[in-house]
Amino acid sequence: MSRKVVIHLFHADDSSLGTGSHVSERIRQVKAERGVDLEVYIFGPAEKALGDSAHSELRAVLTNLAHEKIPVHVCRSIAEDLGKADEFTRLGFTLEYARDAFVRYATEGATVITF
């Protein structure tokens, strides 16, 4: 059984973005003592919000997670369509197609929580 938790940010409303990023940070704080791995995957409307300067707090939380060695992935296709692939990579995010990420999570038996 996997001990991986994936926070999947999909919705772009303030509650989903705020809660999902906050829960990601809180899990990061206890992951070692709880014996879990953490990843964050940003897709769809949430990824578009990440590229919008109006969501600087979201960007700051996720950038900090990446700097703390938490894998933060964004959908490669969306990042390229938005013209943000290089920018997201500079922030420490990994580009990964959604199809590949979700198949990987399924084969790993990860617990995926969507906001």
Side-chain angles (χ1 to χ4, degrees):
M1 173 180 254
S2 174
R3 304 275 309 195
K4 180 181 284 186
V5 176
V6 177
I7 300 300
H8 170 222
L9 296 176
F10 179 78
H11 301 284
D13 60 278
D14 290 339
S15 293
S16 295
L17 295 174
T19 302
S21 59
H22 179 75
V23 167
S24 298
E25 170 55 25
R26 299 292 286 162
I27 292 172
R28 183 201 63 79
Q29 294 170 2
V30 299
K31 72 181 194 65
E33 70 187 61
R34 300 292 172 94
V36 298
D37 292 324
L38 172 64
E39 284 189 29
V40 178
Y41 191 83
I42 304 130
F43 182 57
E47 187 169 350
K48 291 176 185 169
L50 182 62
D52 183 345
S53 62
H55 296 282
S56 59
E57 185 175 331
L58 170 69
R59 183 183 286 231
V61 170
L62 295 173
T63 301
N64 184 62
L65 287 169
H67 289 154
E68 292 289 330
K69 307 295 186 221
I70 301 301
V72 177
H73 309 289
V74 296
C75 176
R76 175 180 292 278
S77 180
I78 293 172
E80 290 172 352
D81 288 349
L82 294 172
K84 299 282 185 176
D86 290 339
E87 180 181 334
F88 288 164
T89 301
R90 280 192 303 275
L91 293 171
F93 307 151
T94 303
L95 304 175
E96 184 176 12
Y97 290 111
R99 63 154 195 245
D100 297 334
F102 289 112
V103 167
R104 181 169 57 80
Y105 298 144
T107 60
E108 293 173 345
T111 299
V112 179
I113 304 166
T114 301
F115 290 90

Are any side-chain N or O atoms of [X] and backbone N or O atoms of [Y], one a donor and one an acceptor, separated by less than 3.5 Å?
| X | Y | value |
| --- | --- | --- |
| Tyr41 | Phe102 | no |
| Lys31 | Leu38 | no |
| Thr19 | Ser16 | no |
| Arg3 | Arg34 | yes |

Measure the shortest side-chain to side-chain distance between [X] and [Y] over non-hydrogen atoms and say whether it is less than 4.5 angstrom.
| X | Y | answer |
| --- | --- | --- |
| Ile70 | Ile27 | no |
| Ser77 | Asp81 | yes |
| Leu82 | Ile78 | yes |

>> Between the side chains of Arg104 and Glu39, is the shortest nitrogen-to-carboxylate-oxygen separation below 4.0 Å, so that they form an ion pair?
In response: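 Here Glu39 pairs with Arg104 in a salt bridge, since their nearest N and O are under 4.0 Å apart.
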Is it possible for you to say whether [X] and [Y] belong to one hydrophobic cluster, with membership spreading through side-chain heavy-atom contacts below 4.5 Å?
| X | Y | result |
| --- | --- | --- |
| Phe115 | Phe43 | no |
| Val112 | Leu17 | no |
| Val23 | Val30 | no |

What pair of heavy atoms forms the shortest contact from [X] to [Y], and how long is it?
| X | Y | result |
| --- | --- | --- |
| Phe10 | Gly44 | CE1-CA, 3.9 Å |
| Glu96 | Asp100 | OE2-C, 3.9 Å |
| Ser21 | Leu9 | N-CD2, 4.1 Å |
| Val6 | Ala110 | CG2-CB, 4.0 Å |
| Ala12 | Pro45 | CB-O, 3.5 Å |
| Ala66 | Gly92 | CB-O, 3.6 Å |

When rounded to the nearest 0.5 angstrom, what is the spacing between [atom1] in [X] and [atom2] in [Y]?
| X | Y | atom1 | atom2 | result |
| --- | --- | --- | --- | --- |
| Ser24 | Asn64 | OG | CG | 11.5 Å |
| Leu62 | Ile7 | CG | CD1 | 11.0 Å |
| Arg99 | Cys75 | CZ | SG | 9.5 Å |
| His11 | Thr114 | NE2 | OG1 | 7.0 Å |
| Lys84 | Asp86 | NZ | CG | 11.0 Å |
| Leu50 | Leu91 | CG | CG | 7.5 Å |

>> With salt bridge (Lys or Arg N to Asp or Glu O under 4.0 Å) as the rule and sequence neighbours excluded, what pairs involving residues 42-63 come up?
In response: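 Of all non-adjacent pairs touching residues 42-63, those that pass salt bridge (Lys or Arg N to Asp or Glu O under 4.0 Å) are Arg59-Glu87.
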> Given the rule in the side-chain contact (heavy atoms from CB on, under 4.5 Å) test, do His67 and Thr63 qualify, once you have shown the distances and angles that lead to the verdict?
Replying inline: CA-CA 6 Å; His67 289 154; Thr63 301; 3.4 Å; yes
>> My understanding is that only residues two or more places apart in sequence, or in another chain, count here; which of them pass side chain to side chain contact (heavy atoms under 4.5 Å, CB included) with Arg76?
In response: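 If we apply the side chain to side chain contact (heavy atoms under 4.5 Å, CB included) test to Arg76, skipping adjacent residues, the hits are Glu80, Leu95, Tyr97.
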